[in-house]
2 protein chains.
Amino acid sequence: MAQTNPPFMSGVPELLLLRLLTQREMYGYEIVKAVRLVTSEAISLGEGVVYPVLHSLERSGALRARRKPVNGRTRVYYSVTPKGTQRLARLTAEWDRVSSGIQAALGEPEHA
Amino acid sequence: MAQTNPPFMSGVPELLLLRLLTQREMYGYEIVKAVRLVTSEAISLGEGVVYPVLHSLERSGALRARRKPVNGRTRVYYSVTPKGTQRLARLTAEWDRVSSGIQAALGEPEHA
DNA sequence: TGACATACCTTGCCGCGCAAGGTAGGTTCG
DNA sequence: CGAACCTACCTTGCGCGGCAAGGTATGTCA
């Protein structure tokens, strides 16, 4: 009863974060709000999603973290490494595959 | 620590099955193969996904089951009830929202 | 007889995504 | 100076969705 590979629909938060960070360096709290913005409120990831994903991406070498004091408060800025760029490419391709597959299914005539 | 509402990316198997069954009455084993077909191999749902979803949709009144002997073997054909049609509409709308949100995020310029 | 396809089903579990809660500094305002 | 609220970071705990695996039974064809 092994659960070998991840469910086919997962990994979207990861995809979104990598994509955002490709455009510019950002910190967690900022990302939480940016996600709502760029997805036109369609998707809202809480901090309980964002921070863990950030940490795991850093651990796997897809992101680099840089602590930076701003106004006497510390922010952790993340930027995408080459490894992260690769990962983004893989996730994007997979997303395209899956979503266009679903689109195809939905696009079929209502009655055969 | 309550888990109130379902994760934003879930319910795709349900969506797919309802959509297929809208086109014609089908039985489980047939659906397993149909999903691969209509999604151009992009998505493959095993029987361990399909049957439980079928049962839960029936329990909730979205599907009606009809046992029908074919070649001395019994098949269970499922068809969509009005309730199921409503559910399909809701799921489709939600999928459109989410997937176009992601599309928007992915479509942004690589560097700001 | 064995192998393979059809056709149904359930069990068990992994891990994603999430709500909730916790810490701490900054500002604003009465 | 306390209260209320925003910024900014974090972890804990868990529900449940999706899945692999395994189980039953009939049909069929070499």
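In what follows, chains carry the letters A, B, and so on, assigned in the order in which the sequence lines appear, proteins first and then strands, with residues in each chain numbered from 1. As the structure is a prediction and not an experimental result, all values here were calculated from the model.
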Subject >> Distance in angstrom units between B:Arg75 CZ and C:dA7 P, rounded >> reply: 4 Å
**OP:** Hey, could you give me each pair passing salt bridge (Lys or Arg N to Asp or Glu O under 4.0 Å) that has a residue in residues 9-18 of chain A? Not counting sequence neighbours.
**Re:** A:Glu14-A:Arg87
Atom pairs and distances, donor-acceptor, side-chain atoms in residues 34-42 of chain B, under 3.5 Å, two or more places apart:
unit_1	atom_1	unit_2	atom_2	d
B:Arg36	NH1	B:Ser44	OG	2.8
B:Thr39	OG1	B:Val35	O	2.7
B:Thr39	OG1	B:Ile43	N	3.2
B:Thr39	OG1	B:Ile43	O	3.1

Which pairs would a plain distance check flag for residues 68-77 of chain B, meaning a side-chain donor or acceptor within less than 3.5 Å of a matching protein atom at least two apart in sequence or in another chain?
unit_1	atom_1	unit_2	atom_2	d
B:Arg75	NH1	B:Tyr77	OH	3.0
B:Arg75	NH2	B:Tyr27	OH	3.4

Original post:
With sequence neighbours left out, which residue pairs that include part of residues 40-64 of chain A fulfil the ring-ring contact (aromatic ring centres under 6.0 Å, His included) condition?
Top reply: none
Subject >> Test side chain to side chain contact (heavy atoms under 4.5 Å, CB included) applied to A:Ser10 - qualifying residues, sequence neighbours left out >> reply: A:Pro6, A:Pro7
**OP:** Could you pull out all residues at least two apart from B:Glu25 that satisfy salt bridge (charged side-chain N to carboxylate O under 4.0 Å, His left out)?
**Re:** B:Arg66
Original post:
Among pairs that include at least one residue of residues 91-104 of chain A, which meet salt bridge (Lys or Arg N to Asp or Glu O under 4.0 Å), considering only residues two or more places apart or in two chains?
Top reply: A:Glu94-A:Arg97
Original post:
In residues 37-74 of chain A, which ones come under 4.0 Å of DNA chain C, going by heavy atoms?
Top reply: A:Leu45, A:Gly48, A:Val49, A:Arg73
Subject >> Under-4.0 Å side-chain N/O to phosphate OP1/OP2 contact, A:Tyr27 with D:dA8 >> reply: yes
**OP:** For A:Glu47, check side-chain hydrogen bond (donor to acceptor under 3.5 Å, both in side chains) against everything at least two apart and list the hits.
**Re:** none
**OP:** Using heavy atoms and a sub-4.0 Å distance, could you list which residues of residues 91-105 of chain A are near DNA chain C? By number, please.
**Re:** none
Original post:
Between the two ends of the helix from C:dT1-D:dA30 to C:dG30-D:dC1, what is the bend in degrees, rounded to 10 degrees, where each end axis spans five pairs?
Top reply: 10°
Original post:
Could you state the OH-P distance from B:Tyr77 to C:dC8, rounded to the nearest angstrom?
Top reply: 8 Å
Original post:
Do any side-chain nitrogens or oxygens of B:Lys33 fall under 4.0 Å of OP1 or OP2 in C:dA7?
Top reply: no
Original post:
In chain order, what residues pass the side chain to side chain contact (heavy atoms under 4.5 Å, CB included) check against B:Thr81, with sequence neighbours excluded?
Top reply: B:Arg64, B:Lys83
Original post:
Is B:Tyr29 near enough to C:dC8 that one of its side-chain N or O atoms lies under 4.0 angstrom from OP1 or OP2?
Top reply: no
